[in-house]
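Okay, so here's the structure we're looking at.
A, B, ... follow the sequence lines: proteins, then strands. Residue 1 opens every chain.
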Amino acid sequence: MEQRWANTSRLTINEKQFIEEALRSEIRVDGRRLYDYRRLTIKFGREDGSSEVQLGETHVMAFVTGQLMQPYRDRPNEGTLAIFTEFSPMADPSFEPGRPGEAAIELGRVIDRGLRESRAVDMESLCVVAGKSVWAIRVDLHIIDNGGNLIDAANIAALAALSTFRRPECSVGGDDNQEIIVHDPEVRDPIPLTIHHFPIAVTFAFFQEGNTLVIDPHYKEEAVSGVRMTVTVNSNGDVCTIQKAGGEGILSGDVMRCLRIASLKASEMTTKIKEAVETYNAEVALKKVKRHPSLIAKKITVPDVEMKEASFQKTKELSADMENSPNQTSTSLTTTKDRDTNASIGRPLNWDPYSSSAPAIVSSSTLPELVGTSKDANEDQMMQTDEEYDPNLKKDQIASATGVSSGIHKQNSPPKSLKDAVKPKHKRKKNAERGAR
Amino acid sequence: MDVDTGNMTQTNLVDKVVVPGDVVLDLTKMENQTIKLGSGLRQDCDYISVMQAGKLRLSKPNKYWVESSQKRYVPRLEDTVLGIVVEHRSDNFLVDIKAPNLAFLPVLAFEGGTRRNIPKFETGTLIYARVVKANGIMNPELSCTDASGKAAEFGQLKNGYMFETSTGLARMLLSSPTCPVLEALGNKISFETAVGLNGRVWVNASSPDDVILVSNAIMRSEFLSGTQQRIMAEKLLERLQKS
């Protein structure tokens with residue numbers, strides 16, 4: 001028993017008294033004002049639908065996955081959304097592995113009410129065959145570090161993950177027109193979820209019998225506070241849920257005040273989340289586009305894996321300007337051009353975007369997708385690059401690609417002699433013309 | 001035989017970061033010398049190798065040790081620590097000092113302590129104490145007197161604010177000459193601190209503003225160099241117009 005005692009985090013009398021005394025002068029222990037949030041960082045993982053949110057010291061990860069399942073009998077044409085929480089024991093000494101405790105269940109319920117019951121995610125678009133097959137979306141929230149205010153952070157993580165989640169496109173077909181074909185993400189672009197609004201959870205902690213309230217309490221303030229209330233509002237001012245936990249009562253006037261403050265905070269937070277999601281989508285789209293010239297440039301360095309990494313890093317650093325980036329990707333790569341140019345020519349030659357099968361290229365190419373879905377590009381930059389590529393792709397992909405790369409080599413003269421730069425260009429052009437015909 | 005560049009009579013890894021497995025000294029290459037090994041180093045037949053990641057330090061002529069920083073504390077004899085009282089048993093208080101076990105503080109281990117005047121510490125009291133017994137397995141024991149039995153500032157700390165840091169930062173705050181951040185802050189604000197080698201720091205000042213300023217400055221100074229600490233402290237003071 002002593003062993004367990006040794007592991008829980010403790011609060012001293014000094015801290016309790018000090019936090020309350022400081023709040024009487026409207027200052028908080030980490031220097032924030034009463035209604036300030038801590039620093040928020042939203043990051044995304046490599047897969048669609050995974051996000052990592054850091055709110056001060058609190059660290060939460062969210063993963064969204066989807067599966068085809070039978071719908072509930074009373075809602076045959078709606079998909080389902082379920083939230084699962086996992087309080088990792090490394091987040092807090094008081095979290096135990098195994099069955100979720102009260103706090104875990106409360107967090108799951110508040111986020112569930114905010115997302116599902118407020119109809120933030122459109123369920124009817126998740127239906128594939130009414131009554132038989134719908135998409136069941138599952139959101140897993142992992143608490144990595146408990147620095148206080150888990151509900152807000154987990155909510156933001158869930159929203160960010162849902163915004164970047166893509167489900168495979170599926171269509172009904174087959175012999176009896178009842179078979180559901182789930183299309184490979186390489187063949188058809190996966191589809192994002194339709195999110196109508198962003199319910200943002202704002203947590204308040206009350207001190208000194210409701211005289212002082214703070215937003216985004218950190219774990220020491222949470223331990224000292226008497227009452228905690230979470231309101232979930234969206235930027236339109238709709239109240240999605242209210243959850244009040246713990247001890248003393250709050251005056252109804254205070255509740256209304258909290259709702260008003262929360263709706264202000266909600267609009268700020270919504271903007272932040274949307275910006276982060278858009279930046280991430282732009283990066284992803286950029287990666288897809290840049291793979292086209294780097295298919296050629298890709299072969300220039302020796303190991304494929306390294307090349308991919310280098311080109312991805314380059315794409316991150318570069319602006320979306322099509323001209324600059326291909327040049328820079330190739331200038332960053334040292335050359336064994338002669339050896340590889342033939343091989344690289346071989347690749348595009350074998351590739352026919354109009355064939356039904358997916359092209360057998362190591363870097364899972366999305367070029368066929370580009371042809372089909374260039375109109376779906378997310379960002380303006382994407383649109384420009386797509387349009388530039390699109391006519392070329394439809395007619396004479398290889399010529400255009402090699403034309404671009406020959407441009408690359410022209411400007412790559414500094415490291416090598418002009419002769420070396422010129423040679424591969426000629427080779428490639430000849431092959432390209434041959435291949436194009 | 002894998003002999004690195006570190007194996008000379010005088011190791012050139014002093015004041016550098018070492019990781020477990022690094023060989024620091026090759027005893028076969030040294031003549032009859034006495035070497036004193038501190039924490040984090042181990043003798044492996046003919047080699048002295050590192051057991052804990054950290055910075056290797058040398059105190060001339062022959063004392064070597066590794067300075068590392070953790071969030072948890074391993075109790076050592078004669079360390080001064082800040083503990084939180086968890087429970088009051090009949091003959092000792094159970095005190096949490098961020099160690100693997102709770103520490104015992106005998107109820108009589110105070111200056112002039114008798115059965116009649118046992119101090120009343122409730123759960124959550126902050127205590128400044130000294131470690132008098134520390135084995136690996138048993139619960140460590142504390143005392144609120146110094147070696148001669150006087151109080152010497154040990155005992156309960158009242159008011160102020162306590163926060164937790166790593167053991168490395170605590171050691172830096174206690175180093176002499178005075179740690180730069182404390183010096184820079186002390187020029188403008190008057191405050192008192194108690195630093196526990198177990199990674200707990202208590203700060204007290206006349207107004208809550210000052211306490212918060214000092215505690216945040218200390219928390220931010222862990223990975224800064226001396227000049228950086230001074231600059232950071234001065235910027236903070238300027239921002240809050242304490243000049």
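To the nearest 0.5 angstrom, B:Ser207 atom OG is 7.0 Å from A:Ile27 atom CD1. Taken to the nearest 0.5 Å, the OH atom of B:Tyr161 stands 5.5 Å off from the CD1 atom of A:Ile19. Atom OG1 of residue B:Thr123 and atom CG of residue A:Leu11 lie 12.5 Å apart, to the nearest 0.5 angstrom. Considering CZ of A:Phe18 and CH2 of B:Trp202, their distance stands at 11.5 Å, rounded to 0.5 Å.
Atom NZ of A:Lys244 sits in a crowded spot, with more than 12 heavy atoms from other residues, nucleotides or ligands closer than 6.0 Å. The local environment of CZ in A:Arg109 is crowded, with over 12 non-hydrogen atoms from other residues, nucleotides or ligands closer than 6.0 Å. The number of heavy-atom neighbours closer than 6.0 Å to CD of B:Glu153, taken from other residues, nucleotides and ligands shown, is 12 or below. Heavy-atom neighbours of A:Glu57 CD from other residues, nucleotides or ligands within 6.0 Å: at or below the threshold of 12. Around atom CD of B:Glu111, more than 12 heavy atoms belonging to other residues, nucleotides or ligands sit under 6.0 Å away. Within 6.0 Å of CD in B:Glu122 there are 12 or fewer heavy atoms belonging to other residues, nucleotides or ligands. Summarising the local packing, CD of B:Glu78 is surrounded by more than 12 heavy atoms from other residues, nucleotides or ligands at distances under 6.0 Å.
Contacts of A:Lys220 with chain B are made by side-chain atoms alone, with heavy-atom separations under 4.5 Å and no backbone atom involved. With a 4.5 Å cut-off on non-hydrogen atoms, A:Arg24 does not touch chain B at all. Heavy-atom distances place the side chain of B:Asn216, and not its backbone, under 4.5 Å from chain A.
Pairing each heavy atom of B:Met162 with each of A:Glu15, the nearest pair is O-OE2, 3.2 Å. Minimum heavy-atom separation, B:Ile212 to A:Gly31: CG2-N, 4.0 Å. In this structure, A:Asn14 and B:Lys158 approach most closely via the heavy-atom pair ND2-C, 3.8 Å.
Annotation: side chain of A:Ile13 is not in contact with side chain of B:Leu126 (no heavy-atom distance under 4.5 Å). At a threshold of 4.5 Å between non-hydrogen side-chain atoms, the residues B:Asp209 and A:Ser25 do not count as touching.
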